Amino acid sequence: QLRLVESGGGLVQPGESLRLSCAPSGFNLDYYAIGWFRQAPGKERAGISCIGVSGSGTRYADSVRGRFTISRDNAQNMAYLQMDNLKPEDTAVYYCGAVRAGRGFCNYVPKAYTNWGQGTQVTVSS
């Protein structure tokens, strides 16, 4: 299992923005699809977005579509999740996942992913 490192979480007020980063530890993301997931207290880990190899397609869960934007920079070997207009219900630990995949694969079902980070806390509260 390869390791990822998330960063960028924090405490913000409703309506504010955060940008999460996902960095691989010791491997290249070029051939990996990336997913972002979150887990709120007492709930299962849920997928919210994915981006295919080389940015070949993106998908979003209904709960975040129009507010969150997933991206990747293969030259910098990084992936990102821009979160705008945050709401209290977005409060959770956010994880990025990576899975080696072909072009066209973009799936944010957690069990499809084999490599994970440790998570970063996002708290949205007034």
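For the single chain, residues carry numbers from 1 onward in sequence order. A quick note: this is a predicted structure, and the numbers were derived from the prediction, not measured.
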**Q** Nearest heavy-atom pair of R59 and C106: which atoms, and what distance?
**A**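 In terms of heavy atoms, the two residues are closest at NH1-O, 3.1 Å.
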**Q** Should L18 and V122 be marked as a side-chain contact (heavy atoms from CB on, under 4.5 Å) after you check the CA-CA gap, both sets of side-chain angles, and the distance that decides it?
**A** CA-CA 9 Å; L18 281 174; V122 171; 3.9 Å; yes
**Q** Looking at F105 and A33, what are the two nearest heavy atoms and their distance?
**A**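 Reported closest heavy-atom pair: CD2-CB, 3.6 Å.
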**Q** Hey, what do you get for OH (Y31) to CZ (R100), rounding to the nearest 0.5 Å?
**A**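 Answer rounded to 0.5 Å: 7.0 Å.
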**Q** Any side-chain heavy atom of P14 sitting closer than 4.5 Å to one from V124?
**A**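 Answer yes - side chains close enough.
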**Q** Would you say that M78 contacts S21 through its side chain, given a criterion of any heavy-atom pair below 4.5 Å between the two side chains?
**A**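 M78 vs S21: side chains touch.
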**Q** For a quick test of reading the model, state the closest non-hydrogen atom pair linking I70 to Y60 and the distance between them.
**A**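 Distance-wise, the nearest heavy atoms are N-OH, 2.9 Å.
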**Q** With side chains defined as the heavy atoms from C-beta onward, is the minimum distance between T120 and L20 less than 4.5 Å?
**A**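 In short, these two side chains touch, coming nearer than 4.5 Å.
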**Q** Using modelled atom types and a 3.5 Å cut-off, is there a donor and acceptor pairing between side-chain atoms of E6 and backbone atoms of Q118?
**A**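 Yes; judged by distance alone, with no hydrogens or angles, the pair exists.
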**Q** At what distance, to the nearest 0.5 angstrom, does CG of D84 lie from CZ of R19?
**A**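 So the gap between those two atoms works out to 11.0 Å.
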**Q** Any link between V64 and Y113 through a network of hydrophobic side chains (Ile, Leu, Val, Met, Phe, Trp, Tyr) touching at under 4.5 Å?
**A**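 They do not share one cluster, since no chain of ILVMFWY contacts under 4.5 Å joins V64 to Y113.
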**Q** Over all heavy atoms of both residues, which pair between N85 and S17 is shortest? Give the atoms and the distance, please.
**A**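 In terms of heavy atoms, the two residues are closest at N-OG, 4.2 Å.
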**Q** In the single-linkage hydrophobic clustering (I, L, V, M, F, W, Y; side-chain heavy atoms under 4.5 Å), do I51 and F68 co-cluster?
**A**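 In one cluster: yes.
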**Q** Check whether NZ of the Lys or CZ of the Arg R38 lies under 6.0 Å from the centre of the six-membered ring of Y95 and within 45 degrees of that ring's axis.
**A**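 Negative - R38 is either too far from the ring of Y95 or too far off its axis.
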**Q** Does P88 reach the side chain of S125, with side-chain heavy atoms less than 4.5 Å apart?
**A**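 No, their side chains stay 4.5 Å or more apart.
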**Q** Just wondering, do L86 and E16 contact through their side chains at under 4.5 Å, heavy atoms?
**A**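 No, side chains not in contact.
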**Q** Could you check whether any side-chain heavy atom of V99 comes within less than 4.5 Å of a side-chain heavy atom of N107, counting everything from C-beta outward?
**A**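 A side-chain contact under 4.5 Å is absent here.
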**Q** Is there a path from L29 to Y94 through hydrophobic residues (I, L, V, M, F, W, Y) whose side chains come within less than 4.5 Å of each other?
**A**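 Both belong to a single hydrophobic cluster.
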**Q** To the nearest 0.5 Å, what is the distance between SG on C96 and CD1 on I34?
**A**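 CD1 of I34 is found 6.5 Å from SG of C96.
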**Q** Test of understanding: with side-chain hydrogen bond (donor to acceptor under 3.5 Å, both in side chains), list the residues that count as partners of R65, not counting sequence neighbours.
**A**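 With neighbours one apart ignored, the set is D62.
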**Q** Rounded at 0.5 Å granularity, tell me how far CD in Q39 sits from CD in E44.
**A**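 One finds 8.0 Å between CD of Q39 and CD of E44.
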**Q** Cluster question for you: counting only ILVMFWY and a side-chain heavy-atom cut-off of under 4.5 Å, with indirect links fine, are W36 and Y108 together?
**A**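 No, because W36 and Y108 fall into different hydrophobic clusters, even though each may have its own neighbours under 4.5 Å.
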**Q** Can you name the nearest heavy-atom pair linking T91 to A40, along with the distance?
**A**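 Looking at all heavy atoms of both residues, the closest pair is O-CB, 3.8 Å.
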**Q** When you measure from the side chain of N115 to the backbone of Y32, do you find a donor-acceptor pair of N or O atoms at a distance under 3.5 Å?
**A**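 Answer holds: no.
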**Q** Between atom CG of L4 and atom OG of S25, what is the distance when rounded to the nearest 0.5 Å?
**A**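 With rounding to 0.5 Å, CG (L4) is 8.5 Å from OG (S25).
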**Q** Look at the side-chain heavy atoms of Ile, Leu, Val, Met, Phe, Trp and Tyr, link any pair under 4.5 Å apart, and say whether Y80 and M83 land in one connected group.
**A**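 They do not share one cluster, since no chain of ILVMFWY contacts under 4.5 Å joins Y80 to M83.
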**Q** Verify, without hydrogens or angle tests, whether N74 (side chain) and N77 (backbone) share a donor-acceptor contact under 3.5 angstrom.
**A**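 Not a single qualifying donor-acceptor pair exists.
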**Q** Provide the closest heavy-atom pair for R67 versus D90 in the form atom of the first, atom of the second, distance.
**A**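 Smallest interatomic distance, heavy atoms only, reads NH1-OD2, 2.7 Å.
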**Q** Looking at CG of L2 and CG of N28, how far apart are the two atoms once the value is rounded to the nearest 0.5 Å?
**A**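 The CG atom of L2 sits 11.0 Å away from the CG atom of N28.
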